[in-house]
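To start, the structure itself, in structure tokens.
Just the heavy atoms: all of them, side chains too, but no hydrogens, waters or symmetry mates, feed the values below. Predicted model only: the values in this text are computed from it and were never measured.
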Amino acid sequence: MDPATLVIAEAYEQAFAAIDADPRNEVLVLVEGVDDRGDGGRVVGCLQVTYIPGLGKGGAERTLIEAVRVRADRRGSGLGRILMGRTIGRARTRGCALVQLTSNKRREDAHRFYDGPGFARSHDGFKLALQPP
């Protein structure tokens, strides 16, 4: 897709602004091809992280990972492992007791990927859609 033709809906702009303003939320972006001055480069992966205070795990914070994306033409090259490893490292540094995520049951390749860093399929998840996707 040509980035110049991409139209970003206002809802995405508002969501990004809310994430950016919230210290418990981050969007981690993996960029390659950046020069020594920090110029250039292209986004090859990203994900959203939310740090959640909780009453479980002794009151420890947990990390929720969502919207994991790696460019289709770069999947299988190790970029997802790098991005996930850095995310887990940030959670450890922050003192989180748990990192969690959900994945659509039909995404078997993604499930194998999440098995790699040691995620366990320990719970069944439930969702209730409140508005059309």
Side-chain angles (χ1 to χ4, degrees):
M1 172 180 285
D2 178 2
T5 65
L6 185 64
V7 176
I8 298 173
E10 185 177 338
Y12 286 112
E13 297 276 357
Q14 291 171 352
F16 187 83
I19 291 166
D20 191 43
D22 184 344
R24 291 196 176 276
N25 277 280
E26 300 176 321
V27 174
L28 303 182
V29 180
L30 192 59
V31 179
E32 69 177 5
V34 177
D35 66 21
D36 292 340
R37 297 179 306 177
D39 294 331
R42 65 177 171 250
V43 173
V44 292
C46 64
L47 55 77
Q48 180 183 351
V49 182
T50 303
Y51 301 103
I52 305 168
L55 299 175
K57 299 282 185 189
E61 198 170 55
R62 66 183 59 209
T63 300
L64 174 65
I65 299 174
E66 297 186 277
V68 178
R69 303 287 187 271
V70 172
R71 275 180 41 157
D73 63 337
R74 299 303 309 276
R75 290 182 191 143
S77 67
L79 294 173
R81 280 190 301 280
I82 292 168
L83 188 57
M84 194 62 63
R86 290 181 182 172
T87 304
I88 293 167
R90 292 172 74 84
R92 280 195 177 103
T93 299
R94 192 173 169 116
C96 293
L98 180 73
V99 178
Q100 64 188 35
L101 56 83
T102 61
S103 181
N104 188 301
K105 288 185 176 190
R106 293 174 290 189
R107 299 192 65 224
E108 294 178 13
D109 288 342
H111 301 167
R112 283 188 293 278
F113 170 75
Y114 295 130
D115 288 339
F119 284 92
R121 300 177 202 194
S122 62
H123 293 71
D124 282 330
F126 298 89
K127 293 184 179 185
L128 173 64
L130 301 178
Q131 54 185 317

Just verifying a value: how many Å separate [X] [atom1] and [Y] [atom2], rounded to the nearest 0.5 Å?
{"X": "Glu32", "Y": "Ile82", "atom1": "CD", "atom2": "CD1", "answer": "9.5 Å"}
{"X": "Ser103", "Y": "Ile65", "atom1": "OG", "atom2": "CD1", "answer": "12.0 Å"}
{"X": "Thr93", "Y": "Ile88", "atom1": "OG1", "atom2": "CD1", "answer": "12.0 Å"}
{"X": "Gln48", "Y": "Ile19", "atom1": "CD", "atom2": "CD1", "answer": "3.5 Å"}
{"X": "His123", "Y": "Thr102", "atom1": "NE2", "atom2": "OG1", "answer": "13.0 Å"}
{"X": "Asp124", "Y": "Lys105", "atom1": "CG", "atom2": "NZ", "answer": "5.0 Å"}

Hey, are the side chains of [X] and [Y] touching, using non-hydrogen atoms and a 4.5 Å cut-off?
{"X": "Arg121", "Y": "Tyr114", "result": "no"}
{"X": "Thr87", "Y": "Val99", "result": "no"}
{"X": "Glu26", "Y": "Tyr51", "result": "yes"}
{"X": "Leu47", "Y": "Leu83", "result": "yes"}

Next on the checklist: Is there a path of hydrophobic side-chain contacts, each under 4.5 Å between heavy atoms, that joins Met84 and Val29?
Outcome noted: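 Hydrophobic grouping puts Met84 apart from Val29.
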Next on the checklist: Looking at Arg81, I'd like to know if its CZ atom is crowded, meaning that more than 12 non-hydrogen atoms belonging to other residues, nucleotides or ligands lie closer than 6.0 Å.
Outcome noted: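 Counting neighbours around CZ of Arg81, 12 or fewer heavy atoms of other residues, nucleotides or ligands fall under 6.0 Å, so no.
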Checklist entry - Would one find more than 12 heavy atoms of other residues, nucleotides or ligands at under 6.0 Å from atom CZ of Arg94? => result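 Yes, CZ of Arg94 has more than 12 neighbouring heavy atoms, counting only those of other groups under 6.0 Å.
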Checklist entry - Do Arg75 and Asp109 pass the side chain to side chain contact (heavy atoms under 4.5 Å, CB included) test, and can you show the C-alpha distance, the side-chain angles, and the key distance before you say yes or no? => result CA-CA 11 Å; Arg75 290 182 191 143; Asp109 288 342; over 6 Å; no
Item to check | Side chain His111, main chain Arg106, donor-acceptor under 3.5 Å | outcome: no
Next on the checklist: Between Leu79 and Arg71, is the side chain to side chain contact (heavy atoms under 4.5 Å, CB included) condition met? List the steps.
Outcome noted: CA-CA 9 Å; Leu79 294 173; Arg71 275 180 41 157; over 6 Å; no
Next on the checklist: Minimum heavy-atom separation for Lys57 and Ala97, please, with both atom names.
Outcome noted: CB-CB, 4.1 Å
Next on the checklist: With side chain to side chain contact (heavy atoms under 4.5 Å, CB included) as the criterion, how do Arg90 and Thr63 come out once you've worked through the C-alpha distance, each side chain's angles and the decisive distance to 0.1 Å?
Outcome noted: CA-CA 9 Å; Arg90 292 172 74 84; Thr63 300; over 6 Å; no
